[in-house]
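Take a look at the structure set out below.
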Amino acid sequence: MKVVVLGAGVVGSATAYMLAKDGYDVTVIDRCGRPGMETSFANGGLMTPSDASPWNSPGTVKRLGKMLFDSSSPLKINPGAVPSMVGWGFRFLANSTYDRHKSNMIAIIRLASLSLDTLRSIRETTRINYDQTTRGTMRVFPHGGRKSEFVQKCRDMQGWGVQFETLDQGQILEKEPCLGPVIDRYAGAVFFPNDESGDAHKFTNEMARLATELGAEFLMNTSVLRIAKASSTKISHVVTSQGDIRADAFVLSLGSYSPFLARPLGIKLPILPVKGYSVTVALNGWRGGPTRPVMDDGYHAMMVPMGDRLRMGGRAEFARYNTRVDAKEGWRVLNNVLKILPALASHIDADAVLNWSGLRPMTPGGPPLVGPTPYTNLFLNTGHGPLGWTMACGSAKLITDFITHGRVLNNRVDPANYVL
């Protein structure tokens, strides 16, 4: 049986590996020259079931003004993007009630936890390396911050399987001595021992390599122009820049661009692109930084060690399909991290800093779209938002179950939470 996967990002490549491992004849199509060159290229690098809370938490309506006008907000809305957000935005706000937010959070936690277990199994059997860190993650809170509110949310998540520990200043320094120069800034921290991190781009290419070794074919530099119907309930082929490609089943994993191919089929995907930024610097042998991902909740700054590099992330922005790298935003991210790690400044080459931005495919509620469509041989694996890598392996497992068995075999997740 032949399966075509549209998209060679972390989600599509993981899907290709899972399908090839189960014996399918897999072809992956992507417009880039190699796998993982768009949203998966320089994302935050986190695999964090602990970060499962959707962005539209209760009270979102009251925070809209800050998103629009406060330059320090972690989530920015570009006024030019507002017209395109109207319909999606109403659904986003509708999902900000306590009950819907809780339901969506549980769905994300369950899929993320399944995904992390699946990743660990892949890592154990294949011995792949992607600059991974398996030492957990830590979120530090400045005095006067929202630590108590965050801890309460963690208590809720603990009931659904997310483990956490609260840390005082001394315990923070035990785990991350690099924070010593600024320790008086912090009232405490929350530590998540089961979280992981690593280079999603390297992981994506490892998935592609393993899938290729199992017989999968990656057609790179090939644009998908259209998905063609055989009937009102079946897909016949995809039209590409290199010709038509036929298969028995198709998986749509094109992230923020998935709606463009689904719409002519009568499928309206509630996905909106959200621009994310990251900055990566070479450490040049310096070992004075964090040994695990650290998030400063006051600066909204993230620091993720990746071998001899440090990746830093900042805020997100609704900016339509604008992928332009804003150098000012990149320097803002770096300058905030230098306030936390002042010793880093003398160890980096400012001319070699990698400034990057990519589009995260967001659904109004938060959970991705993973499963069947009205077409019997077309499946969705898209809309993972900021947690694409966190949920990639679990989503690939679900899609493989759907194609092979017509249903999800694992009872840890309810597939109804991820349907269109």
Side-chain angles (χ1 to χ4, degrees), residues 1-43 45 47 114-134 196-224 237-238 240-243 245-255 306-307 370 377 379 381-382 384 388-405 409-410:
M1 180 177 178
K2 182 173 182 178
V3 183
V4 165
V5 178
L6 308 180
V10 67
V11 173
S13 296
T15 299
Y17 168 72
M18 288 289 193
L19 289 167
K21 187 169 176 286
D22 268 21
Y24 288 98
D25 177 5
V26 180
T27 297
V28 183
I29 307 172
D30 196 281
R31 65 186 177 184
C32 295
R34 58 183 296 191
M37 292 303 292
E38 295 195 46
T39 301
S40 303
F41 180 70
N43 70 2
M47 296 203 63
L114 172 64
S115 189
L116 194 51
D117 286 347
T118 304
L119 168 72
R120 288 167 176 159
S121 177
I122 293 172
R123 190 170 62 222
E124 182 178 343
T125 56
T126 63
R127 303 300 178 187
I128 58 172
N129 185 287
Y130 46 91
D131 290 336
Q132 64 265 30
T133 300
T134 59
E196 297 189 5
S197 67
D199 189 328
H201 176 64
K202 286 188 175 182
F203 177 82
T204 299
N205 278 272
E206 284 292 86
M207 288 292 94
R209 177 183 65 80
L210 292 172
T212 300
E213 291 175 357
L214 292 170
E217 180 182 13
F218 280 70
L219 299 181
M220 308 309 297
N221 296 309
T222 303
S223 297
V224 181
H237 63 280
V238 290
T240 79
S241 57
Q242 303 298 323
I245 299 176
R246 299 182 179 274
D248 300 295
F250 303 82
V251 181
L252 181 55
S253 294
L254 288 173
M306 293 183 179
V370 183
N377 62 338
F379 301 85
N381 197 1
T382 188
H384 295 74
W389 190 19
T390 295
M391 295 188 282
C393 294
S395 298
K397 192 174 184 64
L398 298 193
I399 284 297
T400 303
D401 280 355
F402 274 120
I403 293 175
T404 302
H405 307 285
L409 300 184
N410 194 293

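Quantities reported herein were computed from a predicted structural model and do not represent experimental measurements. Values below: every heavy atom of this structure, side chains too, minus hydrogens, waters and symmetry copies.
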Minimum heavy-atom distance between Val28 and Gly7, given as atom pair plus value: CG1-O, 3.5 Å

- line: Of all heavy-atom pairs linking Gly198 and Met306, the shortest is O-CE, 3.2 Å

Minimal non-hydrogen separation, Gly36 against His201, with atom names: O-ND1, 2.9 Å

query: How long is the gap from CH2 on Trp389 to OG on Ser395, to the nearest 0.5 Å?
result: 14.5 Å

- prompt: With distance as the sole test, does Thr125 use its side chain to make a donor-acceptor pair with the main-chain N or O of Ile122 at under 3.5 Å?
  reply: yes

- prompt: Can you check whether Met207 reaches Ile128 side chain to side chain, under 4.5 Å on heavy atoms?
  reply: yes

Side-chain donor/acceptor of Ser253 to backbone N/O of Asn381, under 3.5 Å: yes

task: Any chance you could measure His237, atom NE2, to Ile245, atom CD1, to the nearest 0.5 Å?
output: 10.0 Å

- line: Here the pair of heavy atoms bringing Phe218 nearest to Ala16 is CZ-CB, 4.1 Å

- prompt: Are Met18 and Thr118 close enough that some pair of their side-chain heavy atoms sits under 4.5 Å apart?
  reply: yes

message: Taking Met220's backbone N and O only, do any of them form a donor-acceptor pair with Thr222's side chain (distance below 3.5 Å, no angle check)?
response: yes

statement: Closest heavy-atom pair, Ala249 versus Phe379, reported as atoms and distance to 0.1 Å, is CB-CE1, 4.2 Å

Pairwise side-chain contact, Tyr17 with Glu206, heavy-atom cut-off 4.5 Å (strictly under): no

- line: Distance col, row Gln242:CD vs Asn221:CG, nearest 0.5 angstrom, shows 8.0 Å

- prompt: Does some side-chain heavy atom of Leu409 sit less than 4.5 Å from a side-chain heavy atom of Lys397?
  reply: no

query: Do Thr240 and Leu219 come close enough that some side-chain heavy atom pair is under 4.5 Å?
result: no

- prompt: Closest heavy-atom contact between Cys393 and Phe203?
  reply: SG-CZ, 3.7 Å

- prompt: Is a side-chain donor or acceptor of Ser40 paired with a backbone partner of Val10 at a separation under 3.5 angstrom?
  reply: yes

task: Without swapping roles, check the side chain of Thr27 against the backbone of Val4 for a donor-acceptor pair under 3.5 Å.
output: no

From Leu210 atom CG to Thr126 atom OG1, the distance as rounded to the nearest 0.5 Å: 5.5 Å

- prompt: So, Thr134 side chain and Glu196 main chain: donor-acceptor pair closer than 3.5 Å or not?
  reply: no

message: Using only atom types and a distance under 3.5 Å, with no angle test, would you say the side chain of Thr382 pairs donor to acceptor with the backbone of Gly255?
response: yes

Criterion side chain to side chain contact (heavy atoms under 4.5 Å, CB included) against Leu6, the qualifying member of Asp30, Ile29, Thr15: Ile29

query: Does a side-chain N-to-carboxylate-O contact under 4.0 Å join Arg120 and Glu124?
result: no

query: Does a donor on one side chain and an acceptor on the other come within less than 3.5 Å for Thr400 and Asp22?
result: no

task: Determine the sole option in Ile403, Asp248, Leu214 for which the side chain to side chain contact (heavy atoms under 4.5 Å, CB included) test with Tyr24 is passed.
output: Ile403

query: Taking the side chain as C-beta and beyond, is there a heavy-atom pair between Arg31 and Glu38 under 4.5 Å?
result: yes

Check: Asn205 side chain, Pro35 main-chain N or O, donor-acceptor pair, under 3.5 Å: yes

- prompt: Just by modelled atom types, is the Gly9 backbone N or O under 3.5 Å from a matching donor or acceptor in the Thr204 side chain?
  reply: no

